[in-house]
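Please read the structure below before turning to the comments.
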Amino acid sequence: MSPPAGIDTDALARPEFLPDPDRSRKEMESLQRELAASATFVDDLGFGPDAVAFDEPADLSAGLPPARTEALGELDANPDAPVVVGVDQAFRPERDEAVSAAVAFRGGRVVEYAEAVTPLSIPYVPGLLAFREGEPMLAALEDLSVAPDFLVCDGSGRIHFRQAGIATHIGVICDLPSVGVAKSLLCGEPDEPVGERPEGWSTPIRADDSVERVGGLDEDRTGDDADVGTDPPGTDLPVVGHAYQSRQYPNSRRVNPLYVSPGHRVSPETAVDLVAALCAGYKLPEPTRLADAHADRVKRRLGGDE
DNA sequence: GCGACAG
DNA sequence: ATCTTGTCGC
C-alpha cells in the first residue's frame, strides 16, 4: 500500500530556488549553475516507458474525465504502475496570478486533480522562467495527496542556457525524476532540420555556444576520445534533449515538434522515449494535455475578473 | 552593438 | 502565457 504522502516537501529546504523579487539576475543565474551541478541527467527511475504508456487519449469533448480513486486500490490491474503527474499553468494577467494544475495518473487513468492559485512576484525573463513559475508549480504539487513517481513539466529541462530549466528546478527540489516538454526551442541546435517530419521522428538537440557547460555533468557523453575526429561534425557536443514529432498530418507539414529534455534523474534518450509513450494521438503528452485543461477549468471557475 | 530567447 | 471568430485542410 502507498499512503497518500504527497510531495516530500523539500521545497522548504531549498528556498534559494524560489522567487525573490530582491534577487539580482546574476544571483539567479549562479543559483541555476549550482542547481545544474546537483542535477542528474542519467537514468535513475526504477521503471521504463512501457510502465507509463497511454494507449488511448482522454476524450475532453464532454469535460475532463473524473478522478478514479479506486485506480489507487490494490484491486487495480496494475498495482505497481508508477504515478505520473503532469503540471501546467494558466494565468490571470489582470491579477498577476498563476493558476497551476497538477494531474496524477496511474495505469493511464486520472487518479487525482490538484490546483493552486499563486501571486506572481517576478516577470517572465527567458532563462529565468523557474523563478516566476516554479513556486506556483510546487504549490499545485503540494496540493496532491498522492506521491508522484515522475513529473512532466511544461517548459525546458536541460535545454537551457545553464542546463537548469524549470523541469530541472522542480525535479531537484522534489528529488523526483522529471522531464521538460516545450513547444518551442529555447537554445541548442538540432542535429537535423526540424521541418516536415513524420510522426515518431526525433533528432538530438546539442549544446551550442549559448549553453554553459557544467563541470562533472558531461560524463554521460557517449563515445570516447578515440571517436573524436571520426564522427560527424558536432557529434562531440553534449546532447541536452531531443526534438520529437509527436503529431503530424498525412498530407501537411504544419505541426511543429515538441522539445523534450531531461529535468532530473533521466537521460535525454529515456526522456524522449517516456514522452513518446505518454503521447496518445495529440501533440501534447496526456499528462500535460489534461493539466492544461484542468488549469483552464479552474481559471474559468474563478471568473473572468476580480 | 546586434541577435535570440521556455511560459 | 494572454487578447480572440471564423476558417482552411485532413
Side-chain angles (χ1 to χ4, degrees), chain A residues 19 25 28-29 32 35-36 86-102 116-140 151-171 178-190 194 196 198-199 205 207-212 240-244 247-263 268 271 275 281-285 288-289 291-300 302-305:
Chain A
R25 181 190 179 113
M28 291 189 273
E29 290 176 349
Q32 290 186 319
L35 196 131
V87 217
D88 192 30
Q89 333 248 29
F91 295 87
R92 302 218 292 164
E94 68 287 349
R95 299 201 43 154
D96 205 24
E97 285 178 340
V99 177
S100 43
V117 178
T118 313
L120 296 167
S121 50
I122 289 186
Y124 167 69
V125 175
L128 299 178
L129 177 67
F131 292 100
R132 172 180 170 82
E133 298 186 3
E135 171 89 293
M137 274 186 147
L138 288 172
L151 304 177
V152 183
C153 310
D154 61 313
S156 292
R158 193 181 182 181
I159 295 181
H160 181 274
F161 307 123
R162 290 162 293 281
Q163 303 195 36
I166 192 163
T168 304
H169 279 248
I170 300 300
S178 65
V179 296
V181 178
K183 291 180 286 299
S184 58
L185 190 58
L186 175 61
C187 59
E189 191 67 24
V194 172
E196 305 190 36
E199 240 176 69
I205 303 291
D208 59 15
D209 290 337
S210 73
V211 179
E212 294 181 18
V240 293
H242 288 79
Y244 172 63
R247 180 88 155 107
Q248 192 54 281
Y249 300 123
N251 212 349
S252 182
R253 60 170 191 71
R254 45 196 300 187
V255 182
N256 298 115
L258 251 27
Y259 295 94
V260 180
S261 58
V275 170
Y282 288 85
K283 174 170 178 171
L284 295 175
T288 305
R289 192 166 75 96
D292 181 75
H294 184 230
D296 283 339
R297 175 170 67 178
V298 173
K299 177 180 174 177
R300 286 188 297 108
L302 290 172
D305 55 80

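Here the structure is a predicted model, which means the values were calculated and not measured. Each chain gets a letter, A, B and so on, in the order the sequences are listed, and its residues count up from 1.
Put simply, CG on A:D154 is 10 Å from C1' on C:dA1, counting in whole angstrom units. Between the CG atom of A:D296 and the C1' atom of C:dA1 there is a distance of 11 Å, rounded to whole Å. Rounded to whole angstrom, the span from the CD atom of A:Q89 across to the C1' atom of C:dT2 amounts to 14 Å. With rounding to whole Å, A:R247 atom CZ is found 13 Å from C:dG9 atom C1'.
Heavy atoms of A:S156 sit under 4.0 angstrom from at least one base atom. Contacts of A:I159 with the nucleic acid, taken as non-hydrogen atoms under 4.0 Å apart, are absent. A:F161 comes within contact range of at least one nucleobase, with a heavy-atom separation under 4.0 Å. Nucleic acid contact for A:A90: sugar-phosphate only, since backbone atoms but no base atoms lie under 4.0 Å from a heavy atom of the residue. Within the 4.0 angstrom heavy-atom criterion, no nucleotide atom of any strand lies near A:L258.
Taking all atoms of both residues into account, the shortest heavy-atom contact from A:G188 to A:L185 is O-CD2, 3.7 Å. Scanning both residues, A:L128 and A:R25, for their nearest heavy atoms gives CD1-CG, 3.9 Å. Taking each heavy atom of A:L258 and A:V275 in turn, the nearest pair found is CD2-CG1, 4.5 Å. Contact detail for A:A101 and A:H294: the closest heavy-atom pair is CB-ND1, 3.5 Å. Across all their heavy atoms, A:R132 and A:I122 have their closest contact at NH1-O, 2.8 Å.
Taken residue by residue, residues 116-124 of chain A places heavy atoms nearer than 4.0 Å to DNA chain B at A:Y124.
In terms of phosphate contacts, A:K299 brings no side-chain nitrogen or oxygen within less than 4.0 Å of OP1 or OP2 of C:dA1.
The closest side-chain heavy-atom distance from A:Q89 to A:V99 is not below 4.5 Å. Inter-residue side-chain proximity for A:M137 and A:D154 is flagged as met; some heavy-atom pair is nearer than 4.5 Å.
Two rings, from A:F131 and A:H169, have their centers less than 6.0 Å apart.
Read 5' to 3', the first and last nucleotides of DNA chain B with an atom closer than 4.0 Å to a heavy atom of chain A are B:dC5 to B:dG7.
Counting only distance, with no hydrogens or angles, the side chain of A:K283 and the backbone of A:N256 share a donor-acceptor pair below 3.5 Å.
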